[in-house]
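See structure below.
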Amino acid sequence: MGAGLKEGRRDNDAVPTVDPLAAGPAAGLADELVAEGCIRGAALGLVVAPGLGVALAWPVGRRGVAAKSPADVAAVLSSLAPLDPRWTWWTAQGTAASLVAAGLRPRACWDVGAVGRLLHGLRRDDPAAVWAAERELPEAPVTRGQLDLLDLEGEDGEPVRSDGQLSRDWLRGRWAQDLESAQTWAALALEVQASQQARLTAAADPRAHTGRPGGTNLATLTAYAESAAALLAVELEHDGLPLDRGVLEAMLRELVGERPSDPAHEARLRAQRDELVLRHFPESGVDLRNPLQVRAMLSRSGIDVPDTRSWRLEPYAASSPAVAALLAWRKAERVSTTYGYAWLERSVQGGRLRGAWSAADGGAGRMTAQAGLHNMPTELRPAVCAEDGMVFVRGDLGQVEPRVLAAVSGDEGLAGAATEDDMYAPVARRLGCDRPTAKVAVLAAMYGQTSGPAGEALKQMDLTYPKAMAYLRDAEAAGLAGADKRTYGGRLLPGLGEPGSGGHGRYVRNAVVQGAAAELFKAWAATVRSGLAAADVEPEAERVAGQIVLCLHDELLLHVPAASADAAAALLASALDATTAWWAAGSGVRFVVQVAVGPTWAAAH
DNA sequence: TCGGTCACGTA
DNA sequence: CGTACGTGACCGAG
């Protein structure tokens, strides 16, 4: 056994049921790969061909290992833990999902799709799109459905077509036909990785920061974090958010009534709820779900509103029982339609709420989640209950967007304000206004508001924080001109190519802040994940049991054994310090996290 | 069956 | 007329 194997033995990634040292076809594999020029800690291309095995690729070699079942695959990968590879896959969604399902928690990865999104501002992360963008070819068509003759034009059985694009045949599954093809596919992923790595390495750091780990530049570290977030998205989808079905059902009974037994019963209950509102109005036959009809009905009662949004009706609620009834109906209707019994049946199984996660959606690259994970009403959060013997540890980044603005713009004045726990207090002092006004002015600056009560304070912002305001103005100008823009971490915000609307200007102005905040958040989440699940902290005792169960833009929710609550809380703080040490190095900006522990999500505040 | 609009939940 | 997202009901065009 080589020296590298001894020092590097890290079997903690493995499921307890898989012994990486067990004798078997994969025993000694790590040694063999090292002998064939595979370097410890480096990118290692990985493709899993279902039912066949594992394909590996490194710059000077490749290898296929037969593995029929997911457990076999897990055993092979566990045996490679001594190599401490940065697993390089086309996407975590495509490759890591089965690994996670088999109990693996890979430590480090490179997600070619996630990095493609970052570098090229792609809305897609499939191999065809990333390959084309990296080769600077025209956008590739989406592969779906059956191949037709047109698809095969220019194809000769090779993975790369004569026009330079990836083969549609290979994209449709040819890569998984045999282990030899899977190795080729893994080598192609590694080829893209190397090209991406070169682009990232060449990217100048936005500011002359020092102290980044291993001398790695910000863009590359951001690529690591985006990759980790893509893997985390797969894990979140697999693990789910603990939710007590009984508690939620009790809340639903309280809010919207009993569970309907059949469609007719449901219609009857619906009519009963509607009647509680309609009885306040003289006319009949009004559909409460049709805003136009509701507006007309209100108008006949002497309430004229341009639309029927709740904030517009709110002022009338005190004097009009009818409006109050309508607003109460709306609230119940929202819960009933979106977070009611149907949602419960669809999205909660085995005490966990599960939905699809995306690690970088939308223009700014925030994480998004489906199945209501990101917009569950606050009033339902008491149903998010920790399991027996477990607690939630919740960490919330305080005032993250203005702090991010201070860091990315290099504005010394704003950075000075960001040394305090509440940065709006010093801003108010400098602007000569009260705290609420200062807060509105800062938010208005980041969102691109141009009018309103913050007007005077905004003028003061220009004088007091010129670099921050110039940073925002430059972003807006780029958006208006149709030019490309990059976030601090290097995410491309593609320009429209031609002068755009004010709306797009405002969008880019906000996206450079929101996007950078998302990058910082993901880097923090990745660091927390390492402290929880990965095997890179020695000795073993320093690792904290538990898992991340929710990411919510500036908030992380951990589900941990009660005995580990303090350690998890400390991890949230230390991980933030470790992350901002390189992310905001030299800026003087302080980031803060508020941590709370509780038996439910609602209680952890 | 589709996209657009309204409405509303979260950050 | 401050940003982003996901979801559902309804409408009208296809």
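Convention: sequence-line order gives letters A, B, ...; per-chain numbering from 1.
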Whole-Å distance separating the [atom1] atom of [X] from the [atom2] atom of [N]:
{"X": "A:Arg394", "N": "B:dT10", "atom1": "CZ", "atom2": "P", "answer": "13 Å"}
{"X": "A:Met446", "N": "B:dA11", "atom1": "CE", "atom2": "P", "answer": "16 Å"}
{"X": "A:Asp554", "N": "B:dT10", "atom1": "CG", "atom2": "P", "answer": "14 Å"}
{"X": "A:Leu443", "N": "C:dC1", "atom1": "CG", "atom2": "C1'", "answer": "17 Å"}

Applying a 4.0 Å non-hydrogen cut-off, can you work out what A:Met376 is touching in the nucleic acid: base, sugar-phosphate, or nothing? sugar-phosphate

If you check the [X] side chain, which of [options] turns out closest?
{"X": "A:Arg289", "options": "B:dA11, C:dA9, C:dG2", "value": "C:dA9"}
{"X": "A:Leu552", "options": "C:dG2, B:dA7, B:dA11", "value": "B:dA11"}
{"X": "A:Thr378", "options": "B:dC8, C:dC10, B:dT10", "value": "B:dT10"}

Under 4.0 Å between a Lys/Arg side-chain N and an Asp/Glu carboxylate O for A:Asp396 and A:Arg394?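 A:Arg394 and A:Asp396: salt-bridged.
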
Output yes when A:Arg352 and A:Glu237 qualify as a salt bridge under the 4.0 Å nitrogen-oxygen rule, no when they do not.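 No, no charged N to carboxylate O under 4.0 Å.
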
For a quick test of reading the model: is some side-chain N or O of [X] closer than 4.0 Å to OP1 or OP2 of [N]?
{"X": "A:Asn290", "N": "C:dC11", "result": "yes"}
{"X": "A:Arg309", "N": "B:dA7", "result": "yes"}
{"X": "A:Thr308", "N": "B:dC6", "result": "no"}

I'd like to know if the side chain of A:Asp111 reaches the main chain of A:Ala230, judged simply by a donor and an acceptor atom lying under 3.5 Å from each other, with no hydrogens or angles considered.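 Here the side-chain-to-backbone pair does not exist.
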
Are there any protein N/O atoms within less than 3.5 Å of an N/O atom in nucleotides 4-7 of chain C, and if so, which ones and at what distance?
unit_1	atom_1	unit_2	atom_2	d
C:dA4	O4'	A:Gln514	NE2	3.4
C:dG6	N3	A:Asn375	ND2	3.2
C:dT7	OP1	A:Ala371	N	2.7

